[in-house]
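None of the values given here were measured: they were computed from a predicted structure.
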Amino acid sequence: MRGFTGQVFHVKDQQGNKVTDNGFINYLQQSIVTRRELKSSGEPKACTEDAVEVEPESTSECTAIEMIGTNRPGIFSEISAVLAEQKCNIIEAHAWSHNACVACVAYVSDESTSTCIHDPSRLATIEDHLSTVLRPTSISDDEFKGAKTGFLGCDSSTSHKEHRLHQLMLANHDFDESPGSARASFSSMGSTGDEDGRRTTVSIDPFNEKGYSCVNVECPDRPKLMFDIVCTLTDLQYVIFHASITSHGLFAYQEYYIRHKDGFFLNSEQEKQRVAKCLEAAIERRVCEGVRLELCAKTSVGLLPYVTRILREYGLTVTRADIATDGGKTKNVFYVQDISGNEVDMDILESMQKELEPLAFQVKNEVLRRTTSMEKESFSFGSLLKSQLEWFSHNYIRD
C-alpha cells in the first residue's frame, strides 16, 4: 500500500530477557506515537534535521560543546583539564575514539554560578584552548584528520547523543585508517576480524529488479547494533525501504534494501567501498577492549579532571567515556587501556586504588576481550577505590 510502512520488532532487555514490565511497554508505545505525531504535524526541529530529543533536566542550564579531533593517549584527560582551567564544571559528557579520531559531546556549566555560559569572549577562549588540544601533533596527522570545536548554546535540543557521536566521527573520516596503516582491500565488500576468528563482513549487491541496493551485514550480535547501522545509512543519505534483522546465537545477520535519497541505488564500486567502510566503522566504534571502570560518587567540581589525571599518570588512557549527573550523584564509566598498547596490569590498578583511596567510589570492573563467543570475563576488586568522599572533597575539591 502506497504511503504505508509496516515494522515488526522482536526485542529483549539488556540482559537478554523477554520484556514483561507493562510500565516500560506503555512508555515505549507512547514514545513511538508521540514521535509519529510530531513528524506528521510538521513542527520545526531545533539545530539539525534529526534533532528531536529534548535535553534532560540535568543539562537544561548547560552549554553544549561538540568536539572532534585527532586521537592520542591521554586526550580525554587533556580535554577535562582544559575545561577545569576555564572554570567549567562538566555535568555530562560522552566520548568515543576510533582509529585516529576522537569525538566528544559535553555539557558544562559555569563553575561559580552553575548556570549556562553566555559570554562570547569566554566561549571564544574555551574554544581556542580546546582546539589546541584537539589539533594533530604532526604535519602528517594534520593532512589526515581535522580538529573542530562547536557550541550548541544553552537550553538547546539536539539529536540523540550517540547518533551525534556517529555523525561527528563520520565527518572526521574515522572510517579511513591513518597513513601507513594496513587496510584490507575491498571489492564491494569490507571485513574486519582478529586472531580469535571474530569477524564483521559487509557486502553490497544490486537488486536491479526493484531498483534497490542490498546491504548485508554479518557480525557478532550486541546491543544497539541496528541503531548504529541505521544511523550511519541515514547520515550517508540513504533511505531504507525494506530490512530483515535476525540473530542466531551470538551472531547477527542484517539485510537492508536501500536507495540514495535522490532515488538511485549504489552504482559504482567506489561508492560501495565507501559505504562498506563507513558501516564497519559504525560497528567498531562501540566495541571497546580493555578494562571498564564504573565509578559513582557525590557530584563535586573538579572530580572528573582529577580522576582522568590519575588514570593518565598510571599509564592508562581512556578510549571511551560516559559521564552523567543525576540527583547530586555523578556516574563515570570509563573504558581504559594501557597507554603502550599492552594488557592492563592489575597491579597498576591496585596501586591506583591506594592513590584514590580517599574517594568513596563504588567500582565495577570488567575486562572485555575479543573472543569468538563474545564472553565477558568479570571480576571484582572488592573495596577498590572506596573510602571517605568527604575527606577528598575537603582537601582536593572546591564545593
Side-chain angles (χ1 to χ4, degrees), residues 1-11 39 48-50 98-99 101 159-160 162-163 165-177 181-194 197-287:
M1 182 183 298
R2 187 174 183 84
F4 178 80
T5 300
Q7 301 178 7
V8 178
F9 298 96
H10 298 268
V11 300
K39 183 176 181 180
T48 60
E49 182 179 312
D50 58 350
H98 179 244
N99 287 340
C101 293
S159 60
H160 189 287
E162 292 181 344
H163 187 184
L165 286 170
H166 276 302
Q167 292 173 327
L168 293 171
M169 296 293 266
L170 182 66
N172 215 23
H173 288 211
D174 75 313
F175 50 86
D176 286 328
E177 295 284 358
S181 63
R183 176 90 192 184
S185 61
F186 286 81
S187 178
S188 301
M189 176 182 290
S191 63
T192 59
D194 61 23
R198 176 182 178 181
R199 198 163 186 83
T200 295
T201 301
V202 179
S203 63
I204 302 174
D205 303 304
F207 190 50
N208 296 328
E209 293 83 357
K210 297 293 184 180
Y212 300 126
S213 293
C214 181
V215 179
N216 289 281
V217 180
E218 299 182 13
C219 63
D221 198 11
R222 61 165 174 79
K224 299 190 178 183
L225 177 62
M226 178 183 173
F227 172 86
D228 295 337
I229 293 173
V230 170
C231 282
T232 301
L233 288 173
T234 301
D235 294 334
L236 291 172
Q237 304 298 307
Y238 292 100
V239 179
I240 300 171
F241 287 85
H242 309 282
S244 174
I245 291 92
T246 60
S247 60
H248 298 285
L250 298 169
F251 224 66
Y253 303 86
Q254 304 199 6
E255 187 176 65
Y256 299 89
Y257 291 86
I258 66 172
R259 292 184 195 141
H260 197 270
K261 70 174 185 178
D262 59 13
F264 294 96
F265 57 90
L266 286 75
N267 53 14
S268 71
E269 288 302 309
Q270 183 179 6
E271 186 180 12
K272 292 177 183 179
Q273 291 173 14
R274 181 174 183 270
V275 171
K277 287 170 29 174
C278 290
L279 289 175
E280 287 179 14
I283 294 169
E284 293 171 359
R285 286 170 198 147
R286 201 185 291 274
V287 179

Problem - Ion pair check, D228 and R285, cut-off under 4.0 Å - result: no
Problem - Salt bridge present between K272 and E269 (N-O < 4.0 angstrom) - result: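 Judged by the 4.0 Å cut-off on N to carboxylate O distance, K272 and E269 do form a salt bridge.
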Within this structure, what is the [atom1]-[atom2] distance for the pair [X] and [Y], rounded to the nearest 0.5 Å?
X: Q167; Y: N172; atom1: CD; atom2: CG; result: 13.5 Å
X: M226; Y: S247; atom1: CE; atom2: OG; result: 12.5 Å
X: H166; Y: H98; atom1: NE2; atom2: NE2; result: 11.0 Å
X: R286; Y: R222; atom1: CZ; atom2: CZ; result: 5.5 Å
X: H173; Y: N99; atom1: NE2; atom2: CG; result: 13.0 Å
X: S203; Y: E218; atom1: OG; atom2: CD; result: 7.0 Å

Exercise for the section: Starting from the C-alpha separation in whole Å, work towards a yes-or-no answer on side chain to side chain contact (heavy atoms under 4.5 Å, CB included) for I283 and T232. Expected result: CA-CA 10 Å; I283 294 169; T232 301; over 6 Å; no
What pair of heavy atoms forms the shortest contact from [X] to [Y], and how long is it?
X: A276; Y: I204; result: N-CD1, 4.0 Å
X: P220; Y: T200; result: CD-OG1, 4.1 Å
X: L266; Y: E271; result: CA-OE1, 3.6 Å
X: H160; Y: F227; result: ND1-CZ, 3.8 Å

Exercise for the section: Report yes if the side chains of D174 and L168 come closer than 4.5 Å at any heavy-atom pair, otherwise no. Expected result: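 No, every pair of side-chain atoms sits at 4.5 Å or beyond.
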Problem - Minimum side-chain heavy-atom gap Y257-K210 below 4.5 Å - result: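 The answer is no, as the side chains (C-beta and beyond) never meet within the 4.5 Å cut-off.
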Problem - Result of checking F264, F241, Y256, F265 against Y212 for ring pair (Phe, Tyr, Trp, His ring centres under 6.0 Å) - result: F241
Problem - Residue pair R259, V239: steps toward the side chain to side chain contact (heavy atoms under 4.5 Å, CB included) verdict - result: CA-CA 5 Å; R259 292 184 195 141; V239 179; 5.5 Å; no
Problem - Whether Y238 and H260 hold their rings parallel, tilted or perpendicular, with breakpoints at 30° and 60° - result: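 Ring orientation of Y238 relative to H260: perpendicular.
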Problem - Greater than 12 external heavy atoms within 6.0 Å of Q237's CD - result: yes
Exercise for the section: Output, in order, the C-alpha distance, side-chain angles, deciding distance and verdict of side chain to side chain contact (heavy atoms under 4.5 Å, CB included) for L170 and L236. Expected result: CA-CA 9 Å; L170 182 66; L236 291 172; 4.1 Å; yes
